[in-house]
2 protein chains.
Amino acid sequence: MASHDPLDVWRRPERSGVGPKPKHSRAAIVAAAIEIADKDGMAAVSIRRVAADIGAGAASLYRHLNSHDELVELMVDTVGGEYDLGPSAEPPRAQLLNLARQGRAIMHRHPWLAPLLLTRPSLGPNSLAYLERALAALVTVDMPGPAKLQTVAMLTAISSAFVQNELAQSAGPGAIDHGNKERLQHLSAAFQSGKYPHLAGALAGHLEQQSPDETFMGVIENYLAGAGLPVSVGFD
Amino acid sequence: MASHDPLDVWRRPERSGVGPKPKHSRAAIVAAAIEIADKDGMAAVSIRRVAADIGAGAASLYRHLNSHDELVELMVDTVGGEYDLGPSAEPPRAQLLNLARQGRAIMHRHPWLAPLLLTRPSLGPNSLAYLERALAALVTVDMPGPAKLQTVAMLTAISSAFVQNELAQSAGPGAIDHGNKERLQHLSAAFQSGKYPHLAGALAGHLEQQSPDETFMGVIENYLAGAGLPVSVGFD
DNA sequence: ATTGATTGCGATCACTGTTCGCAATCAAGT
DNA sequence: ACTTGATTGCGAACAGTGATCGCAATCAAT
């Protein structure tokens, strides 16, 4: 009977009057799942692992969720609640820049988040609140509604892409040095073939690159400018 | 003995003189995997399924691959060979724009590709050739090497993000209408709560949006301009 | 002809998401 | 007070996954 669409989590009531008091709650399950994902990665978030961590049987989770996908949906929306969406009198561009900065911070706190933001159009309450807030920032901008939606969508898309790039390069403190050495070794071997002169040249350049924070803000600012949000808009 | 780093596929020779003639080749395996992914999605690309499709036992694939991850790496690099990397006399910005357009086309041909481009820094021959070609386009641009790498990386990252957004919205011809109706129904229900006035307003706007192609080129062009590649560079 | 590396692969292991059926529980209806 | 019925927890099971092991078959080099 239960719908298999991962979207109706948001409509379904968590529990209805009759029956024994539930030992576990949807919130507890999601919290445990997020903790696992933060620590051991998204692949470690299995039904059995989550159940074990909250002291439940594996099958019990299916009294609160309809699928593993639904759990992911809940995870995404839950961390979406970490945004500070308070109102602001700043110009639209500054507001969106601030949202993007927060988004990057959240994705750094939860490294499993970034890829998920691109694939699924999350429609949970927190995600909708974020969307609403971003659109509110654009209320003074003269732009058709769908274009505003497009702009906001690309904002989070670019942020996600940037952070994924960041995370893929650092990838962690421990075993990654080894991995990177393998990589560099492979690359230098490729270079000795002489088939990649420009690549070799680009890597040879000094690594005096600016901080990732500045780079990120630059990328976002640049996108917003091109999207019709220059530094100063209208009369402010 | 075999290294578990999915990167050394590129160093390992496919076969060495002694032993029975292999019935299956790495290329055939990867081709089958790509065909499966194109038709039934990435999730359908299991070792057993690929093996069955080329008439092999499941365990046999591990004579040619060290892991499922390695197969994915090979898939990504193989479709990377679909780029036309011929030289060009156009200005840098036009060349990169052309590469981005090709990239989007490839990601549309292989809908499983876009997410993978963000997570892994593929270092196969085709991926390296692409990188080399993109850097060659930037050879006349005055910019430190690492910054050029950053630019190219963000170029494919933004393209991937854009295409993922596209694919998530269309998602297919058949059962998606139903899914979208569910979505819109959910959304309209959320709107009746009155908590999302701006969102409601944005969706109410006429959907006379420009074609995705134009939108895409606009986004890319805009990024390149901000990255230091205006319409005309230097003396051309 | 013998050696030894290499291939194909059936069987198996440790997992995964998910379903089923049953016992325990508790609110509501009589 | 007691029955009814929905609801929860969960052990067992199923189909599927990636990966490993050991063995027979094969073929180049000696």
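Below, read A as the first sequence line, B as the second, and so on, with proteins coming before strands; counting in each chain starts at 1.
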Novice: To the nearest Å, how far apart are B:Lys23 NZ and C:dC9 C1'?
Specialist: 9 Å

Novice: Whether A:Glu132 and B:Lys195 form a salt bridge (side-chain N of Lys/Arg under 4.0 Å from carboxylate O of Asp/Glu) is what I want to check.
Specialist: no

Novice: What is the distance from OH of A:Tyr62 to P of D:dT8, rounded to the nearest Å?
Specialist: 16 Å

Novice: Tell me which nucleotide among C:dG8, C:dG21, C:dC20 gets nearest to the side chain of A:Ala59.
Specialist: C:dC20

Novice: Report the distance from atom NE2 of A:His24 to atom C1' of C:dA24, rounded to the nearest whole Å.
Specialist: 14 Å

Novice: So, A:Glu70 side chain and A:Asn66 main chain: donor-acceptor pair closer than 3.5 Å or not?
Specialist: yes

Novice: Taking only the side-chain heavy atoms of B:Arg63 (C-beta and beyond), determine which of D:dC10, C:dC26, C:dC9 contains the nearest atom.
Specialist: C:dC9

Novice: Salt-bridged, B:Asp213 to B:Arg104, with N to O below 4.0 Å?
Specialist: yes

Novice: Can you check the A:Asp69 CG to C:dT18 C1' distance for me, whole Å?
Specialist: 13 Å

Novice: Measure from the side chain of B:Val18, starting at C-beta and using heavy atoms only, and say which of C:dC26, C:dA5, D:dA19 lies closest.
Specialist: C:dA5

Novice: Please report the shortest heavy-atom distance between B:His24 and B:Ala56, naming the atom on each side.
Specialist: NE2-CB, 3.2 Å

Novice: Counting only non-hydrogen atoms, which of residues 34-58 of chain B are less than 4.0 Å from DNA chain C?
Specialist: B:Arg48, B:Ala56, B:Gly57

Novice: Let me know the distance between CZ of A:Arg26 and P of D:dT8, rounded to the nearest Å.
Specialist: 11 Å

Novice: Please list all pairs meeting salt bridge (charged side-chain N to carboxylate O under 4.0 Å, His left out) that have one or both residues in residues 40-51 of chain B, counting only residues at least two apart or in different chains.
Specialist: B:Asp40-B:Arg49, B:Arg49-B:Asp53

Novice: Please tell me which of the listed nucleotides, D:dT20, D:dC10, C:dG8, lies nearest to the side chain of B:Ser60?
Specialist: C:dG8

Novice: Do B:Leu167 and B:His108 have side-chain heavy atoms sitting under 4.5 Å apart?
Specialist: yes

Novice: Using only side-chain N and O atoms of B:His64, determine if any of them is under 4.0 Å from OP1 or OP2 of C:dT7.
Specialist: no

Novice: Begin with the C-alpha distance, continue with both residues' side-chain angles, and end with the deciding distance and a verdict on side-chain contact (heavy atoms from CB on, under 4.5 Å) for A:Phe162 and A:Ile220.
Specialist: CA-CA 10 Å; A:Phe162 185 91; A:Ile220 299 296; over 6 Å; no

Novice: To the nearest Å, how far apart are A:Lys21 NZ and C:dA24 C1'?
Specialist: 15 Å

